[in-house]
Amino acid sequence: MGDDRDRGVRLDDTVGLMTAGYAWLPGLWRRGGGRALHTPGGGQPPGALGGPHPGRLFYDERHVRRHTAIPEPVQGTLFGHGAIHTLDGAEHRERKAMFLSLLKDPYRVADLVEQVAGAWDEAVGSWSGQRRVVLFDEASQVLTRGVCDWAGVPLDRAETAAVARDLVALVGGFATLGPRHWRARRARGRLEDRFATLIGQARAGAFPMPPGSVLEAVSRHPGPDGEPLKPRLAAVELLNIIRPTVAVAWFVAFTGHALHRWPQHRDRLRTEDIGYAVAFAHEVRRFYPFAPFLGGRAVTDLTWQGHTIRTGSLVLLDIFGQNHDPLLWPDPYRFEPQRHLGHDPDPYELIPQGGADAATGHRCPGEDITIALLAAFATWLSKLDYDVPAQDLTISLRRIPALPRSRFQMSDVSRVKGGAHMLRA
Ligand code: HEM
């Protein structure tokens, strides 16, 4: 049995993470001499899981828990303090039940797509005459409008662009300690203030909450003491629905990129073949880089591929690596939606939004929403005619989260004939 403790790789090497981006963990594999590491780290020896199906170990609460595993800079930007992502056991299951009831109901998912479709139609209508349209920026505003309307969160039209910018900042700044990070912290402060005030007013009856809405459910959800969550914490969790929905804009920009690089997919998407649109959405989520890895903490001594990971160590699950593992995905750097046709994804293999079961573990409860939105956006984009002007479409793997540098720009956009009625769910 190997013990890599003397190989001297520090997983708390945040500078390495910031400069190496998605290559950081594979670099550790190489330097650690294998796909399971156990390294000294400053007082916090960590382990990183690679190889076949590491999710089975990572998602077993008897082995790995989340408490204290998520660094403060990520909580202070992306998730918020006290967020569901940091909970374990009964408290996690209790709060997760609320997210699942709001996010996994197919009628609610269809309703969200409908709201976003309305915002998209309006946006497309406003593009004629514009020299260039930046797809990422437009998608983030369309998603902000759609998700706020769907969730029962009041949003003045005039505020949409500013709120979208703040929501994008939360996602854009979690993996750096540079200016983007401080922008994200300020944006979180503004958004939490705004949502906590809104929840306070809603609870006080200052305006009627739409019955059955996300706003109502989060405002009324009780904490472990049986009392409604404190307004700040309720705001954090409301943001944990609004913010990741807007983050789908990253995948929308990648969808634009994929349709530009491999235009052969457009025709089939235009036929509104939902199965194909879903397969396309899966391939966008697998192929393009977004969440790099996940962290938990070993609750007991673990053995992974012959290596020991000590109790208390940080344990990392390599999302980007697994989504490009040739053992799971033949020719992994080929964009091939067909590979997902005719079967449901294995819950431990396709893990861009985490693995295992969303009902019992931390797997993303927003996956159905993400897939439905992406399938719709891919279809909507396939029904537009546009030019792709000269621009820098490089996707740097050094920057987390990655994005085409130009955020995908289009010019001379118009609807193709028959494209007004678009796939809604
Ligand atoms: C842009 C697309 C998305 C990506 C890449 C993504 C990715 C992820 C990942 C990697 C996790 C962590 C899984 C784990 O810890 O095991 C997660 C958790 C979560 N996601 Fe998503 N997500 C996306 C969209 C959404 C949407 C649309 C929603 C809600 C509307 C959402 C809500 C959540 C919540 C509440 C959690 C915490 C779950 C828990 O800790 O139990 N996500 N997501």
Side-chain angles (χ1 to χ4, degrees), residues 49 54-55 58-61 64-67 69-70 74-75 78-80 82-89 91-105 108-109 112-113 116 136 139-140 143-144 146-148 150-151 167-168 170-171 174 214 217-218 221 236-255 281-282 284-286 288-297 315-320 322-323 347-348 350-374 377 400-403:
L49 307 177
F58 187 79
Y59 281 100
D60 185 337
E61 267 200 353
V64 178
R65 294 200 161 214
R66 302 305 174 93
H67 186 60
I70 299 179
V74 178
Q75 291 187 50
L78 192 63
F79 299 146
I84 180 169
H85 307 72
T86 62
L87 304 178
D88 295 302
E91 197 178 352
H92 175 253
R93 279 192 296 280
E94 173 62 24
R95 195 144 343 140
K96 189 70 178 267
M98 173 189 73
F99 280 96
L100 292 168
S101 71
L102 294 171
L103 306 177
K104 294 294 245 186
D105 172 352
R108 285 180 182 271
V109 174
L112 172 61
V113 175
V116 174
F136 175 78
S140 69
L143 286 160
T144 300
V147 71
C148 285
W150 171 77
L167 290 163
V168 162
L170 296 184
V171 184
F174 80 93
V214 169
V218 177
H221 185 75
V236 162
E237 298 300 34
L238 182 55
L239 264 174
N240 276 327
I241 292 176
I242 307 289
R243 181 261 310 154
T245 305
V246 174
V248 171
W250 265 262
F251 282 142
V252 175
F254 290 139
T255 298
H282 285 325
V284 168
R285 297 184 313 130
R286 182 198 72 80
Y288 286 97
F290 199 17
F293 51 79
L294 294 168
R297 214 168 269 290
V315 182
L316 300 176
L317 178 67
D318 180 9
I319 292 189
F320 181 70
Q322 178 163 328
N323 284 338
Y348 290 95
L350 182 64
I351 59 163
Q353 294 176 239
D357 182 356
T360 53
H362 281 271
R363 187 184 188 120
C364 177
E367 215 165 352
D368 296 353
I369 283 179
T370 308
I371 294 163
L373 285 172
L374 275 180
F377 270 105
I400 298 176
L403 187 65

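Because the structure is predicted, anything quoted here is derived from the model rather than measured. Both counts, for ligands and for their atoms, begin at 1 and track the order of listing.
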List the closest protein heavy-atom neighbour of [atom]: residue, atom name, distance to the nearest 0.1 Å.
| atom | result |
| --- | --- |
| atom 16 (O) of ligand 1 | Tyr59 OH, 2.5 Å |
| atom 29 (C) of ligand 1 | Leu103 CD1, 3.6 Å |
| atom 12 (C) of ligand 1 | Leu294 CD2, 3.7 Å |
| atom 1 (C) of ligand 1 | Phe290 CE2, 3.5 Å |
| atom 30 (C) of ligand 1 | Thr245 OG1, 3.3 Å |
| atom 41 (O) of ligand 1 | His92 NE2, 2.7 Å |
| atom 40 (O) of ligand 1 | His362 ND1, 2.6 Å |

Element-labelled atoms of ligand 1 that are located less than 4.0 Å from some non-hydrogen atom of Arg66: 14 (C), 15 (O), 16 (O)
Contact atoms of ligand 1, heavy-atom distance to Phe99 under 4.0 Å: 35 (C)
Phe254 and Tyr288 aromatic ring geometry - parallel, tilted or perpendicular at 30°/60° bounds: parallel
Structural part of His85 in contact with ligand 1, heavy atom criterion under 4.0 angstrom: both
Which segment of Arg285 sits under 4.0 Å of ligand 1 when only heavy atoms are counted: neither
CA sep, side-chain torsions, deciding dist, call: Leu373, Val113, side-chain contact (heavy atoms from CB on, under 4.5 Å): CA-CA 6 Å; Leu373 285 172; Val113 175; 4.2 Å; yes
[X] and side chain to side chain contact (heavy atoms under 4.5 Å, CB included): which partner among [options]?
| X | options | value |
| --- | --- | --- |
| Val214 | Leu238, Val147, Leu112 | Leu238 |
| Ile400 | Phe174, Phe290, Phe320 | Phe174 |
| Met98 | Val218, Ile241, Ile84 | Val218 |

[X]: side-chain hydrogen bond (donor to acceptor under 3.5 Å, both in side chains) partners, not counting sequence neighbours:
| X | answer |
| --- | --- |
| Arg285 | His282, Gln353, Glu367 |
| Asn240 | Glu237, Arg243 |
| His92 | His362 |

Verdict with reasoning, Phe136 to Trp250, per side-chain contact (heavy atoms from CB on, under 4.5 Å): CA-CA 7 Å; Phe136 175 78; Trp250 265 262; 3.6 Å; yes
Student check: side-chain heavy atoms of Val236 and Phe79 closer than 4.5 Å: no
Nearby protein N/O/S atoms (those under 2.8 Å) for atom 21 (Fe) of ligand 1, with water ignored: Cys364 SG
Close N or O approach (Asn240, ligand 1; < 3.5 Å): no
Spacing of Asp88 atom CG and Arg297 atom CZ [to the nearest 0.5 Å]: 11.0 Å
Carboxylate-amine/guanidinium contact Lys104 Asp368, below 4.0 Å: yes
